[in-house]
Every structure is written in structure tokens, then in C-alpha cells.
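Have a look at the structure below, then the notes.
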Amino acid sequence: MEPFERYRPIIDDFDAFLAACERPLGNAARINTIKGSVERTLEALDEEGVAYEQADWNPRVVRLETDSPGSTWTSFHGLTHGQEEVSAVPPVVLDPQPGERVWDSCAAPGGKATQLAALMDDRGTVVANDNNLGRISALRFNAERLGATSLAVTNADARTYSLKRFPFDEFDRALVDAPCSCEGTIRKNPDALDNWNEGHISSVSGIQKGILRRAVQATREGGTVVYSTCTFAPEENEAVVQHALENEACRVVDFDLGLKHSSGLSEWDDETFDDSLERAARIYPHQNDTGGFFVAKLEVTAE
Amino acid sequence: MSDNDGQRFDRLPETDTERTVEGRASRKEVIDYFEDRFGIPPETFADYTFWEKGAGKIWIYAGEAPTPIEIEAIGMTCLRTRQEHWKPTTDFVQRFGQFATDCVIELEREQARAFAAGEDQDLEWWDGDWGYLIAAHELAGDLEPLGIGLYVHGELRSMVPKGRQRDI
């Protein structure tokens with residue numbers, strides 16, 4: 001937990017934050033509405049005797065009281081998908097509509113890409129990309145298990161992504177759920193901080209900036225880009241969005257979020273960020289008993 | 001007629017007369033198969049396109065794409081053609097099997113468990129067709145498809161792929 005000391009000045013009730021990080025996380029799942037309605041899936045869970053609690057902020061997210069969430073009928077049928085509660089936030093903020101063209105730039109293993117498809121009633125085009133061919137097999141497995149027919153899976157570097165292979169030249173929306181230092185997953189992966197160092201944060205933030213810039217470029221004017229990470233480091237969050245604001249035509253916009261959260265930062269170390277970064281959301285583990293997450297919503301503007 | 005290129009996705013021709021690749025199924029043949037074998041209404045697939053990649057592997061897709069296209073996946077695999085008996089995939093059956101009226105074998109809970117675990121079982125009471133069947137069981141008040149089984153000589157063989165098998 002030593003690396004988290006740097007966040008003491010920015011996190012309210014820092015001791016509660018540290019205590020939450022020490023506690024293991026329960027099993028959460030997303031109800032996959034491509035395969036069945038929320039009501040029917042809840043009925044199936046009842047029938048099986050699997051206890052659950054629906055999330056207040058999202059009726060499609062349930063906290064399951066079982067030690068083997070993968071060995072239930074609802075999981076076998078693809079009616080539920082094991083997915084951390086906060087990881088279901090970015091697709092909801094992106095708010096894709098049926099029939100749209102949507103890019104998930106870093107899509108493997110596919111929890112969010114299939115959630116985007118479900119939010120679109122599985123109609124439209126979700127281009128699910130990942131640069132890691134090994135992780136694409138997990139993405140494909142999940143997409144098929146969940147019955148997502150609107151996914152087109154590509155294997156490319158998101159920073160230089162080309163739309164030439166598709167019959168359209170821009171997306172309506174894009175999700176950049178960026179590779180990151182994963183500090184916020186400490187409750188699921190107790191060794192998440194083992195290789196932590198500022199050098200790593202600095203190098204991964206360069207990649208994040210490249211992906212977010214490409215996402216803004218590839219999205220139509222008036223379209224939406226959501227940037228998210230499962231980490232607390234401002235270098236990977238506000239600083240990345242700030243970089244996009246300075247170099248691409250976009251602005252940070254407000255969004256509603258039914259989970260407790262803190263505002264994005266307007267300064268960190270010696271760096272100041274645009275005031276609009278306060279519209280971003282920082283979700284800390286002690287606020288809702290979840291993992292940690294950062295989400296910012298951008299609108300693509302005229303050049 | 002040209003040969004099938006296994007490295008890319010090609011959209012299926014509408015009918016046999018528009019076929020340019022040797023041995024490739026047409027969209028009509030695929031939709032007819034699902035209707036003839038399982039009673040799935042053709043209009044179920046009105047908003048989907050069908051694609052072939054690899055020899056005989058058919059994919060069903062709801063999005064936009066040009067043909068041909070070289071990407072990792074397009075929608076989901078639905079059917080294996082280019083063999084005597086066409087074989088739907090378990091994932092397709094779980095997604096579209098609720099529209100089937102024929103060749104659906106309804107299993108009791110224990111039989112469904114064995115099926116999901118990938119086990120073969122003797123089910124001599126079945127008096128319908130032999131061959132590929134949709135196995136289903138009752139879940140939350142409705143029949144829910146489990147996957148594809150092969151029924152021969154009084155035995156139902158689970159075709160649930162290894163990675164999808166579960167002990168429930």
C-alpha cells in the first residue's frame with residue numbers, strides 16, 4: 001500500500017480508503033440483456049438459490065453471494081457475465097444507441113464491448129479492437145458466449161488505428177478503457193502494486209495519450225468519447241485528458257453517475273489542469289465498496 | 001468458380017445462382033436449413049448477414065462491413081457447412097434457439113446438468129429425428145436452449161465445446 005501514500009492529499013478519509021483497499025472484493029456480475037431480460041435472469045437466480053443484491057445505480061449489475069459464480073445456470077446460458085461493478089460504468093457513461101458505430105479501442109477481454117452491444121440492443125456496429133492477439137481469444141470467447149452479433153473484432157495498435165477496412169470513416173462514439181497501472185484493482189489482485197514505479201506510470205501514460213488522441217480523431221463532430229482507467233494516478237487520468245484537450249478538438253462534459261465519487265483534479269504536483277477536468281469522476285474503493293476507477297466524458301467539437 | 005480463401009471473411013451469396021466460390025453455402029440455404037431442421041422462422045434473420053471464413057465455418061453478423069474483410073471475428077460463429085450434416089454451434093443455439101419449434105429435446109434438470117458438463121446420456125424415450133438437436137431445459141418459466149446435441153441410437157451426445165462445459 002506504500003505507493004498509495006502519494007494520494008493522501010487528494011483522497012477524503014484516506015484511512016477508510018486504505019482499509020477498503022485491504023478488503024477482498026465480492027463477486028459482481030452484469031446481466032446480459034442480449035440473452036434475456038433483467039426480470040427473467042433475476043428469476044433464474046432465485047430459482048437456483050443464488051442470493052444477489054441489485055446495484056442501486058444500475059439494475060443490470062448484481063452482487064452475487066456465491067463462491068462459484070461461473071458454475072451457475074445463468075452464467076452457462078450467458079445471462080450473466082462476471083464483471084466488476086465499477087467496470088460497468090464507462091459503457092453506461094458512453095451511452096451508445098442502437099444502430100450506431102462504436103469503437104472500443106482496448107476491448108479485451110470484452111466485458112465492456114459486450115455491454116456496449118447490449119446497450120445498443122445488439123444492433124449497430126461495435127468495433128472491438130485490441131493490440132494483444134492472445135487476449136483477443138478471450139474477447140471472442142466472451143462475445144460468443146454472450147451472443148453479441150454486432151461485434152467486429154480487430155487486432156491493431158489503437159494509436160494508429162485505420163478505419164479503411166470498414167465502409168464508414170468515423171465513429172459515433174468511442175470508448176478508451178486504457179491499459180493502465182491498475183492500482184484500483186488492488187482488492188481483486190493483491191499483487192497489483194508489486195511492480196509499481198513512477199517510470200511505469202510515465203511510460204503507460206504516453207500510450208494512453210496516443211490512444212485517446214486517436215479516439216477523438218476517429219469520432220465524428222458532436223460524437224462522444226469516454227476515457228477510463230482502473231487506476232488513481234493523475235498522470236494516467238487528468239493529465240491524459242488534458243493532453244487531448246490541448247491537441248484535439250474536444251471538451252470535457254458533465255454526466256450523471258449514480259455511484260458516490262469525487263471530482264476530477266484541477267492540479268497535481270506542479271501541474272494544473274483545465275477546470276473542466278473537475279467534471280470527470282474518481283471512484284474510490286471506500287465510497288461504494290467497489291474497485292477504483294476514473295471516468296471522463298468528452299464531446300468532439302469542430303476543429 | 002474460385003477457391004475459398006480461409007484468411008478472410010466473405011459474405012455469403014444470396015442464392016446458389018450468385019455463388020462464385022466452390023462449395024460455399026448461400027444465405028438462402030442457411031436460412032432454409034434453420035427453418036427446415038428447427039422451424040426457426042426465416043424473418044428471424046432479416047437484419048443479419050452471413051459470412052464464411054475457413055472451410056465451411058459460417059458467421060452471423062448484425063453490423064456493417066464490406067466483403068471481403070480481413071479481421072479477427074465478425075459477429076459469432078453459427079454453423080459448420082461443407083460436410084454431410086450441417087452442425088449449428090452451441091453459442092448460436094443459445095442465442096437463437098428460442099425461436100426453434102422442431103428438433104428441440106427437452107431435458108429434466110439432472111439431464112441438463114449432464115449435458116452442460118459435456119456428458120453423453122441414454123435417452124431412449126426420444127421419438128423425433130436423429131442427428132443434431134437443440135437441447136433445452138426449463139428455466140425461470142421458459143424453455144432455455146442449452147446447446148447442440150447429436151442424437152443417435154438412443155444416445156444424446158453433448159456437443160458443448162470443452163471451454164463451455166460446466167459442472168453446475
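Remember, predicted model here, so these are calculated numbers, not experimental data. Letters go in sequence order (proteins before strands), and every chain restarts at 1.
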Are A/Thr149 and B/Trp59 close enough that some pair of their side-chain heavy atoms sits under 4.5 Å apart? no

Between [X] and [Y] (side chain of the first, backbone of the second, donor and acceptor by atom type, cut-off under 3.5 Å), is there such a pair?
X       : Y        : result
B/Gln94 : A/Phe76  : yes
A/His77 : B/Leu146 : no
B/Arg95 : A/Ala148 : no

For B/Pro145, is it the side chain, the backbone, both or neither that has a heavy atom under 4.5 Å from a heavy atom of chain A?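 Looking at B/Pro145, just its backbone touches chain A.
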
Which atoms of B/Ile168 are under 4.5 Å from chain A, going by heavy atoms: the side chain, the backbone, both sets, or neither? both

Given that the side chain runs from C-beta out, which part of [X] has a heavy atom under 4.5 Å from chain B: side chain, backbone, both or neither?
X        : value
A/Thr154 : both
A/Arg165 : both
A/Glu47  : side chain

B/Asp167 and A/Ser71: which non-hydrogen atoms are nearest, and at how many Å?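 Taking every non-hydrogen atom into account, O-CB, 3.5 Å.
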
Electrostatic pair A/Arg40-B/Glu144, nearest N-O below 4.0 angstrom: yes

Does the pair B/Glu64 and A/Arg101 meet the rule for a salt bridge (charged side-chain N to carboxylate O under 4.0 Å, His left out), with working shown? CA-CA 9 Å; B/Glu64 297 170 70; A/Arg101 298 154 177 167; 2.8 Å; yes

Under a 4.5 Å heavy-atom cutoff, which of B/Phe96, B/Phe9, B/Tyr48 has the most pairs with chain A? B/Tyr48

